[in-house]
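Given the structure is predicted, the values throughout are model-derived calculations rather than measurements.
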Amino acid sequence: MARVLADGKTKLTILTTAPADPAAPTATELNAGIDASCNVLASDFNWSAADSDKIAEKALCDVGNSNAIGASNYSTGFTLWRYYATAGGVDATADAAFAALKEKGTTVWVYARESDKDATEAWAAADEIYLGGEVITDTPQRLDGTGFVKRRIPLEMQRGYDQIEVAAGA
């Protein structure tokens, strides 16, 4: 049994159309999406479940608080580098992730794998997806202007799928 360092192990894929089953996307669907693994700034990458809502469900005889777990919450958003062509203007291929997320109110499906596989390895059936789901974009935010040109994309999870697997099939 071995532990694995997390560096270079997070694969992030953006789908601009919903997979047939968003709770069980196939490797074919994921590999046809936009691989944003090398386009996202690691230092502020935020793609995770957050504390669920709490519902006070204390009995009369309970001395302390007793909460039930309610609706799930997520903390999602990340920063993308912008990519420009050497001759000037946007490089449409390299900047595909930003193009897919740049308009406020856009619905996309995003899936992340963090495992012993490198981020650059293709999706395969039975890969663990630690979080995937349907998100809506907010307006891209300019950061402090240092380093490369980049934009932070706040996201609002609409339907999240925790700890799922890549489905077999096409």
Side-chain angles (χ1 to χ4, degrees), residues 2-53 69-83 90-141 150-170:
R3 295 181 294 177
V4 175
L5 290 174
D7 281 356
K9 300 296 185 184
T10 303
K11 183 168 194 70
L12 186 74
T13 298
I14 300 165
L15 304 178
T16 57
T17 57
D21 181 354
T26 66
T28 301
E29 291 169 322
L30 292 167
N31 288 321
I34 300 166
D35 184 352
S37 307
C38 295
N39 300 66
V40 171
L41 182 66
S43 63
D44 76 345
F45 176 65
N46 197 2
W47 187 253
S48 182
D51 289 353
S52 297
D53 288 347
I69 300 296
S72 296
N73 292 307
Y74 298 91
S75 183
T76 55
F78 44 79
T79 298
L80 293 166
W81 286 289
R82 298 297 316 279
Y83 289 90
V90 171
D91 180 323
T93 301
D95 208 42
F98 180 76
L101 304 175
K102 70 182 181 179
E103 269 190 55
K104 179 180 179 176
T106 300
T107 300
V108 294
W109 292 260
V110 181
Y111 295 88
R113 174 186 77 201
E114 185 179 49
S115 69
D116 58 331
K117 290 185 171 186
D118 288 337
T120 54
E121 288 185 52
W123 290 97
D127 278 354
E128 181 182 86
I129 297 170
Y130 80 85
L131 177 60
E134 177 184 337
V135 296
I136 295 177
T137 61
D138 199 349
T139 304
Q141 300 169 351
K150 55 193 171 283
R151 296 292 182 265
R152 174 131 183 96
I153 311 293
L155 301 167
E156 283 296 323
M157 184 72 75
Q158 301 303 296
R159 275 168 271 305
Y161 306 101
D162 302 285
Q163 307 303 318
I164 60 175
E165 282 190 355
V166 175

>> Could you work out, with salt bridge (charged side-chain N to carboxylate O under 4.0 Å, His left out) as the rule, every residue matching Arg152, not counting sequence neighbours?
In response: Asp44
Flag the pair [X] / [Y] as yes when at least one side-chain heavy-atom distance between them is below 4.5 Å, and no otherwise.
| X | Y | answer |
| --- | --- | --- |
| Leu101 | Thr106 | no |
| Thr10 | Val40 | no |
| Trp81 | Leu41 | yes |
| Asn73 | Asp51 | no |
| Leu80 | Pro140 | no |
| Pro22 | Tyr111 | yes |
| Tyr161 | Ile129 | no |
| Tyr74 | Leu155 | no |

>> By the side chain to side chain donor-acceptor pair (under 3.5 Å) test, which pairs, at least two apart or in different chains, include something from residues 13-22?
In response: Thr13-Trp123
Would you name the heavy atoms of [X] and [Y] that are closest together and state the gap between them?
| X | Y | result |
| --- | --- | --- |
| Ala27 | Val166 | N-CG1, 3.2 Å |
| Ala96 | Ile34 | O-CD1, 3.8 Å |
| Glu114 | Ala6 | OE2-CB, 4.0 Å |
| Arg113 | Ala119 | NH2-O, 4.1 Å |
| Val108 | Ala100 | CG1-O, 3.9 Å |
| Cys38 | Tyr83 | O-OH, 3.5 Å |

Could you work out, with side chain to side chain contact (heavy atoms under 4.5 Å, CB included) as the rule, every residue matching [X], not counting sequence neighbours?
| X | result |
| --- | --- |
| Ala167 | Ala24, Thr26 |
| Asp35 | Lys11, Ser37 |
| Pro154 | Asp138, Gln141 |
| Gln163 | Glu128, Tyr130 |

Working to the nearest 0.5 Å, report the span between [atom1] of [X] and [atom2] of [Y].
| X | Y | atom1 | atom2 | result |
| --- | --- | --- | --- | --- |
| Gln158 | Ile136 | CD | CD1 | 3.5 Å |
| Asp118 | Asp7 | CG | CG | 11.0 Å |
| Leu131 | Met157 | CG | CE | 4.0 Å |

> Please walk me through it: do Phe78 and Leu12 pass side-chain contact (heavy atoms from CB on, under 4.5 Å)?
Replying inline: CA-CA 11 Å; Phe78 44 79; Leu12 186 74; 3.9 Å; yes
Output all residues satisfying side-chain hydrogen bond (donor to acceptor under 3.5 Å, both in side chains) with [X], sequence neighbours left out; order by chain, then residue number.
| X | value |
| --- | --- |
| Asn39 | none |
| Thr137 | none |
| Ser115 | none |
| Lys150 | none |

>> Under the salt bridge (Lys or Arg N to Asp or Glu O under 4.0 Å) definition, can you give me all pairs with a residue in residues 154-166, not counting sequence neighbours?
In response: Glu134-Arg159
> Which pairs count as salt bridge (Lys or Arg N to Asp or Glu O under 4.0 Å) when at least one residue sits in residues 90-109, sequence neighbours excluded?
Replying inline: Arg82-Asp95
